[in-house]
Number of protein chains: 4
Amino acid sequence: MSRRGRRASAWSNVVISRDEQFVLKRNALLREAASAFSARGYHNTSLDDVAAALGVTKAALYHYVRSKQEILFECHMMSLDIGDEAMKYARTHGRTGYERLTMLARRYIELITGEMGRIAVLAEYHALDDESKAVIGARRDRWEKDMRAMLAEGIEDGSIRAVDAKLAVFFFMGAVNWMTRWFRPDGGTSGTDIAAAFAELLGEAVKARD
Amino acid sequence: MSRRGRRASAWSNVVISRDEQFVLKRNALLREAASAFSARGYHNTSLDDVAAALGVTKAALYHYVRSKQEILFECHMMSLDIGDEAMKYARTHGRTGYERLTMLARRYIELITGEMGRIAVLAEYHALDDESKAVIGARRDRWEKDMRAMLAEGIEDGSIRAVDAKLAVFFFMGAVNWMTRWFRPDGGTSGTDIAAAFAELLGEAVKARD
Amino acid sequence: MSRRGRRASAWSNVVISRDEQFVLKRNALLREAASAFSARGYHNTSLDDVAAALGVTKAALYHYVRSKQEILFECHMMSLDIGDEAMKYARTHGRTGYERLTMLARRYIELITGEMGRIAVLAEYHALDDESKAVIGARRDRWEKDMRAMLAEGIEDGSIRAVDAKLAVFFFMGAVNWMTRWFRPDGGTSGTDIAAAFAELLGEAVKARD
Amino acid sequence: MSRRGRRASAWSNVVISRDEQFVLKRNALLREAASAFSARGYHNTSLDDVAAALGVTKAALYHYVRSKQEILFECHMMSLDIGDEAMKYARTHGRTGYERLTMLARRYIELITGEMGRIAVLAEYHALDDESKAVIGARRDRWEKDMRAMLAEGIEDGSIRAVDAKLAVFFFMGAVNWMTRWFRPDGGTSGTDIAAAFAELLGEAVKARD
DNA sequence: TATGAATGAGTATTCATTCAT
DNA sequence: GATGAATGAATACTCATTCAT
């Protein structure tokens with residue numbers, strides 16, 4: 001019944017199984033790394049740095065990941081998961097293209113700034129090996145295509161003016177990815193505030209005029 | 001008349017002096033490096049790469065710069081020079097805050113994409129040493145302050161609606177800096193087109209409504 | 001009882017703990033380097049040389065020291081420690097200034113030649129960074145001052161004739177430091193013999209005549 | 001009649017011929033290098049340093065010497081010339097072995113400190129290539145043998161007590177060579193004073209007692 | 001599961017040397 | 001005679017990765 005086919009023990013609510021421990025620790029590692037990569041860049045961050053931040057030695061990290069590249073890969077995947085979540089939310093809740101687009105923007109920024117005040121990376125694409133690049137690239141392309149589709153729907157339904165969808169998406173993605181350079185979770189402006197402001201800027205940038 | 005007599009020779013338009021050669025070569029080096037840094041990142045670019053692209057050996061580079069850091073520093077300075085040029089242009093030619101802002105955006109992007117199809121870096125701030133960080137940081141802060149001032153002027157004169165100037169600047173800077181990740185000079189969309197599109201997106205994002 | 005329980009185990013005389021291993025290896029590294037520096041000079045000795053002599057790779061050295069400079073610094077410190085030990089011995093056992101001085105000379109040379117047939121460096125002062133220079137310089141100055149004091153005491157108590165203490169110390173230090181150039185532990189003359197001969201030469205050079 | 005078979009010109013007393021210029025400049029180069037090598041060591045001294053001290057560029061040095069090694073070789077030769085001169089002087093003027101030995105010591109130090117306040121190198125033997133080592137080594141060995149012979153003569157004629165000649169020579173050579181570390185021509189003690197003091201210390205060290 | 005030790009590949013930097021001008 | 005430019009070899013140091021314990 002349990003994930004690994006072991007019988008749920010009587011302690012199941014209290015004790016944390018070895019597998020769960022593993023997952024928890026791995027996630028902590030990924031999040032710590034994502035944060036460091038965002039703040040200082042992939043190549044400026046050594047595994048010693050990450051290990052030190054977690055209070056273990058570098059060698060210990062290799063129990064949870066196979067390589068530094070894998071960490072970066074997983075960070076990208078986490079980041080894309082967040083993107084997908086925001087996408088699903090917007091699709092479900094928005095009615096017009098304009099509504100969906102602004103919802104996507106707001107939700108996305110809320111989620112990436114919400115993770116314990118850390119930001120998930122999206123940059124550092126070039127440090128990936130070819131295979132990973134293919135996987136990540138494909139997901140990202142798909143996501144951007146979906147976002148372009150939203151714009152097209154908005155243009156169709158009259159809520160969005162005629163804009164170059166491709167450039168508009170790049171415009172927005174740049175604004176968001178650049179946040180890693182200036183956003184400080186303990187700074188004056190909360191993630192929610194930024195989400196609202198950026199969503200509005202994007203919305204106005206593409207909104208249809210009467 | 002003497003070997004050092006600086007009389008303008010009949011060849012003066014044709015022959016290039018040693019000093020001029022030096023400057024030309026140094027600029028070529030900086031541009032090559034800037035391009036590589038933009039495309040692959042500072043730490044992913046070895047001096048061997050840069051030297052190879054220029055057709056010389058690594059050691060030759062040290063005739064023109066003192067260190068890899070100095071290259072990065074100069075790239076930042078070049079980039080900031082371009083920013084200043086765009087700023088001056090916008091100040092001179094625009095009448096309302098709105099006009100100046102969109103002129104700034106358009107001109108800036110035109111300039112950074114115009115340099116022989118290369119883009120000047122803006123990222124990789126963290127690879128700088130402390131002293132350089134201070135210099136670059138101060139100039140960048142000043143530039144962003146000037147851009148915020150433009151927004152404020154627009155709000156004042158009624159051409160721009162009430163927006164958070166700080167966030168609006170970050171929004172725009174992100175969109176621009178992100179270009180290093182996707183812009184290809186030989187791609188389908190020209191720098192001028194992007195400049196126009198981005199300037200319009202920014203303009204609409206902040207334009208006052210009636 | 002626990003893995004970290006420091007109860008002296010039955011094996012305590014035989015087994016070597018990790019910490020002890022570390023110290024032993026670090027000392028071996030320092031001694032190997034000192035030997036090489038003495039024989040061929042600091043700049044003529046690459047870390048590859050030292051590593052090869054120890055049967056490891058260069059990178060392994062960095063587990064034990066932070067830099068090549070640190071190795072040189074520690075070699076100097078070892079050498080100064082030996083000097084201090086000889087100084088203490090002479091102070092304790094000699095009665096007249098003359099006795100103490102010759103005991104210092106003899107003991108010092110015995111110790112520096114006794115270390116497994118290797119000689120501790122004293123030269124290569126210029127390769128140190130400024131901070132290290134200050135530390136080493138201060139200790140060396142203090143030691144030379146102590147030696148001058150010995151001479152002064154001998155002059156006072158009549159066992160040593162009136163000589164320029166400063167020059168006499170330089171005279172002796174030169175004779176000793178020069179040993180790195182010609183002394184071979186496996187050569188015909190033992191360290192003890194040299195110690196005796198040099199101590200006598202120094203003694204006669206400064207001894208009071210009746 | 002002139003050294004190169006050219007007729008002595010009417011200007012011969014006034015004008016400096018090209019050959020003489022060459023020799024003068026080469027000597028200036030050698031002396032500058034010798035001084036730098038003594039003060040900071042062969043490997044701590046770059047040809048750029050030497051060139052800068054002479055007010056020319058590094059490449060210019062290659063008009064006067066074939067390599068950095070050759071400079072070192074010539075410095076050694078100069079130093080050995082001085083040694084020979086002192087040796088000849090002592091042989092000519094001293095009557096007993098003791099007299100000759102102290103004369104040698106004094107004259108030698110006077111000469112090496114007299115050269116415009118610079119000291120000629122003697123150390124840095126290991127930086128030489130094998131062929132140069134052979135030449136220099138042979139001359140040095142011969143010189144030391146001569147000095148040992150002086151000691152033997154003194155023992156024979158009763159002016160010097162029975163000492164190990166080999167060790168006594170090393171003792172003295174060390175004292176002298178070490179001078180490069182502490183002697184400053186503009187310091188408080190003149191070369192002549194040191195020569196007198198060191199000659200006396202050496203003399204007393206080996207003098208026969210009645 | 002975690003650690004210290006070791007490695008190999010990579011990289012910035014220095015420097016003696018050469019050469020066209 | 002002298003220079004600026006370029007080169008190749010050497011070298012200190014970093015870091016991701018492996019492995020025995």
Side-chain angles (χ1 to χ4, degrees), chain A residues 18 21-22 25 42-51 54-71 127, chain B residues 3 17-19 21-22 25-26 42-51 54-71, chain C residues 3-4 17-19 21-22 25-26 42-51 54-71, chain D residues 18 21-22 25 42-51 54-72 127:
Chain A
R18 225 169 241 184
Q21 282 265 25
F22 182 88
K25 288 189 182 176
Y42 179 73
H43 281 94
N44 283 315
T45 306
S46 77
L47 290 189
D48 271 321
D49 294 339
V50 177
L54 292 166
V56 293
T57 51
K58 188 167 48 169
L61 305 186
Y62 284 84
H63 282 278
Y64 302 96
V65 290
R66 262 190 298 277
S67 69
K68 194 186 179 188
Q69 289 247 359
E70 186 180 300
I71 300 178
Chain B
R3 219 172 75 249
S17 79
R18 230 175 225 176
D19 285 1
Q21 283 265 25
F22 183 90
K25 289 188 182 174
R26 187 167 194 268
Y42 179 74
H43 281 95
N44 282 318
T45 307
S46 77
L47 290 187
D48 270 322
D49 293 340
V50 177
L54 292 166
V56 294
T57 46
K58 189 168 44 170
L61 305 186
Y62 284 86
H63 272 279
Y64 302 95
V65 292
R66 261 190 295 278
S67 67
K68 193 184 179 189
Q69 289 250 358
E70 186 180 299
I71 299 178
Chain C
R3 216 170 79 250
R4 300 237 169 167
S17 80
R18 232 176 222 177
D19 286 1
Q21 283 264 26
F22 183 89
K25 288 187 182 175
R26 187 168 194 270
Y42 179 74
H43 281 95
N44 282 316
T45 306
S46 77
L47 290 187
D48 270 321
D49 292 341
V50 177
L54 292 166
V56 293
T57 45
K58 188 169 44 171
L61 305 186
Y62 284 86
H63 272 279
Y64 302 96
V65 292
R66 260 190 295 276
S67 68
K68 193 185 179 189
Q69 288 248 0
E70 186 180 301
I71 299 178
Chain D
R18 225 168 241 182
Q21 281 265 26
F22 182 89
K25 288 189 182 174
Y42 179 73
H43 280 93
N44 284 317
T45 306
S46 78
L47 289 188
D48 271 321
D49 293 340
V50 177
L54 292 166
V56 294
T57 51
K58 188 167 47 169
L61 305 186
Y62 283 85
H63 281 279
Y64 303 96
V65 291
R66 262 191 298 275
S67 68
K68 193 185 180 190
Q69 289 247 358
E70 186 180 299
I71 300 178
L72 184 60

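First the proteins, then the strands, lettered A, B, ... as listed; each starts at 1.
Summarising the geometry, the separation between NZ on B:Lys68 and P on F:dT14 is reported as 15 Å, rounded to the nearest angstrom. Atom CG in C:Leu61 sits about 13 Å away from atom P in F:dT14, given to the nearest Å. E:dT11 atom P lies 13 Å from atom OH of B:Tyr42, rounded to whole Å. We find that CG of B:Asp49 is positioned 12 Å from P of E:dG10, with the value rounded to whole Å. The distance from atom CD of C:Gln21 to atom P of E:dA5 is 9 Å, rounded to the nearest whole Å. If you measure from atom CG of C:Asp19 to atom P of E:dT3, you get 15 Å, rounded to the nearest angstrom. One atom, NE2 of C:His43, and another, P of E:dA16, lie 11 Å apart when rounded to the nearest Å. A straight line from CG of A:Leu47 to C1' of E:dA2 spans 16 Å, rounded to a whole angstrom.
Across the interface with DNA chain F, nearest-nucleotide mapping of C:Tyr62 and B:Gly55 shows B:Gly55 to be the residue nearer the 5′ end. Nearest-nucleotide mapping onto DNA chain E: of D:Asn44 and C:Phe22, the residue sitting toward the 5' end is C:Phe22. In terms of position on DNA chain E, the residue among B:Thr45 and C:Val56 whose nearest nucleotide sits closer to the 5' end is C:Val56.
Base pairing analysis places E:dT21 opposite F:dA2; the two distances defining the Watson-Crick or G-U wobble pair are each below 3.5 Å. With a 3.5 Å ceiling on both atom-pair distances, the Watson-Crick or G-U wobble partner of F:dA16 is E:dT7.
We find the CZ-CZ distance between B:Phe22 and B:Arg26 to be 6.5 Å, quoted to the nearest 0.5 Å. Atom OG of D:Ser67 and atom CG of D:Leu61 lie 11.5 Å apart (nearest 0.5 Å). Rounded to the nearest 0.5 Å, atoms CG (A:Leu47) and CG (A:Leu54) are 10.5 Å apart.
Ranking E:dT7, E:dA2, F:dG4 by closeness to the A:His63 side chain, first place goes to E:dA2.
For B:His43, the side chain to side chain donor-acceptor pair (under 3.5 Å) criterion is met by A:Asn44, not counting sequence neighbours.
For the pair B:Tyr64 and F:dA6, the criterion of a side-chain N or O lying under 4.0 Å from OP1 or OP2 is met.
The base of F:dA5 is not paired with the side chain of B:Lys25 by any donor and acceptor separated by under 3.5 Å.
Between the side chain of A:Lys68 and the backbone N or O of A:Ser46, no donor-acceptor pair lies under 3.5 Å.
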